[in-house]
Number of protein chains: 2
Amino acid sequence: MILSLDLDSEVPIYLQIRDRIVEAIASGELAEGSSLPSTRQLAVDLGINFHTVNKAYDLLRQEGLLRINRKSGALVQRDARTGPPEPGFTDEWETRLRTLLAEAVAHGVDHPAVLGSCAAVLTSFTPTAPTAQGADHGAEQGDSAS
Amino acid sequence: MILSLDLDSEVPIYLQIRDRIVEAIASGELAEGSSLPSTRQLAVDLGINFHTVNKAYDLLRQEGLLRINRKSGALVQRDARTGPPEPGFTDEWETRLRTLLAEAVAHGVDHPAVLGSCAAVLTSFTPTAPTAQGADHGAEQGDSAS
DNA sequence: GGTCTGTTCTATAAAAGCTAGAACAGACCG
DNA sequence: CGGTCTGTTCTAGCTTTTATAGAACAGACC
């Protein structure tokens, strides 16, 4: 699990870590039960303070995506296949979705284009379709600059 | 233009104002050229300081959605029909979209359901679509894989 | 002239955000 | 046992954000 982050970004470091892990879970790169590096280890790899990593892990734990144990460290608790989301998640999420999509529409992106972007993002989460046998165009992503 | 905001929300007031205006523009409730109430007037209506409203307006101006004039006040500059977004908008927007959709997928919402939510939100932006250009049935495509 | 408008200063106070140092306790291994 | 890893907790400093507020200015409008 190598993640690259931009220290010059306006997005806080701990949020970048969280976002990357969420995307890794969504794409299946991190399956349920996968173990994440320890906060101190990841902090050393990224050259940041381990509290920052801890904050990201703790946020993911509050969101129900991680299970943190003193003995086994951080494990992925949720998965795309785990089941439906906890009650209360969808409402809050759709509110944010509404605001985000409204932004695009207001800026002149027409509805089919917006929906196309959504579909493209979702497709990027499944680089290798289970039922597909034709195109195995691997998504180029492996980038580690940290 | 009546907007309700939640003073107890974690979302800052000025951001709530911005979000509501963006959604109003996306839904066509506020068309290009529409005039918004003055900062002082809206502040009185909402029971808040006019600087807070000014901050929301200024943010929308920076985003290119509002044109603020000393004589005509705040006018909606952009619209769903104005044209394609400014260069640089899409990339940053798709990054946020990716993170948001990843969140839903990681929480167990399957791809068709996510796409369905997106389509539902878009549909809610067009309660009456006389100039439909295929946005209605655009949601009908199921999952993208295979 | 009076009143509205946006604009621009300064200012303050509270809150949140972010990173960090230090220490503690449990777990593991040689 | 001793050393080292782990997560956890407490404290702390610093910056940024948020919201409010006052004051003043200039253009527009009736």
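In what follows, every chain begins at residue 1, and chains take the letters A, B, ... in the order their sequences are listed.
In this structure, B:Gln41 atom CD and D:dC29 atom C1' are separated by 16 Å, rounded to whole Å. Between the CZ atom of A:Arg18 and the P atom of C:dG17 there is a distance of 14 Å, rounded to whole Å. The CG-P distance, from B:Asp8 to C:dA16, rounds to 12 Å in whole Å. One interatomic measurement links the two molecules: CG of B:Leu7 to P of C:dA15, which rounds to 15 Å at whole-angstrom precision. As a whole-Å value, the separation of A:Lys55 NZ from D:dT8 P is 16 Å. In this structure, CG of A:Asn54 is placed 12 Å from C1' of C:dA20, rounded to the nearest angstrom. Rounded to an integer number of Å, the gap from A:Asp58 CG to D:dT9 C1' is 12 Å. Distance A:Leu36 CG to D:dT6 C1': 14 Å, rounded to the nearest Å.
A:His107 places a side-chain N or O within 3.5 Å of a backbone atom of B:Glu63 that can act as its donor or acceptor partner. Remark: side-chain polar atoms of A:Arg78 are paired, donor with acceptor, to backbone N or O of A:Gly83 under 3.5 angstrom. When atom types are taken as modelled, the side chain of A:Gln16 and the backbone of A:Asp6 share a donor-acceptor pair closer than 3.5 angstrom.
Across all strands, B:Tyr57 comes closer than 4.0 Å to no nucleic acid atom at all (heavy-atom distances).
With sequence neighbours left out, the side-chain hydrogen bond (donor to acceptor under 3.5 Å, both in side chains) criterion links B:Thr82 to B:Glu32.
Taking the side chain of B:Pro12 as heavy atoms from C-beta on, and the options C:dT8, D:dT18, D:dT8, the nearest nucleotide is D:dT18. In the set C:dT7, D:dT6, C:dT19, C:dT19 carries the atom at the smallest distance from any side-chain atom of A:Ile13.
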- Message: side chain to side chain contact (heavy atoms under 4.5 Å, CB included), that's the test. Do B:Leu30 and B:Ile21 meet it? Break it down for me.
- Response: CA-CA 8 Å; B:Leu30 284 178; B:Ile21 292 177; 4.2 Å; yes
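Here D:dC29 sits opposite C:dG2 as a Watson-Crick or G-U wobble pair (both hydrogen-bonding atom distances under 3.5 Å). Shown here, C:dA23 forms a base pair with D:dT8; the pair counts as Watson-Crick or G-U wobble because both key distances fall under 3.5 Å.
Within residues 65-78 of chain B, the residues approaching DNA chain D are B:Arg70, B:Lys71, by heavy-atom distance under 4.0 Å.
A salt bridge is defined here as a Lys NZ or Arg NE, NH1 or NH2 lying under 4.0 Å from an Asp or Glu carboxylate O, and A:Lys55 with A:Asp58 fails to meet this definition. Between A:Arg96 and A:Glu92 there is a salt bridge, with a side-chain nitrogen of the basic residue lying less than 4.0 Å from a carboxylate oxygen of the acidic one.
Interface remark: the B:His51 side chain does not form any donor-acceptor pair with the D:dA19 base, using a distance-only criterion of under 3.5 Å.
Distances shorter than 4.0 Å separate none of the side-chain N or O atoms of B:Thr52 from OP1 or OP2 on D:dA19. Phosphate contact (OP1/OP2 of D:dA19, side-chain N/O of B:Asn49, threshold under 4.0 Å): absent.
Place B:Ile48 and B:Arg40 on DNA chain D by their nearest nucleotides, and B:Ile48 ends up nearer the 5' end.
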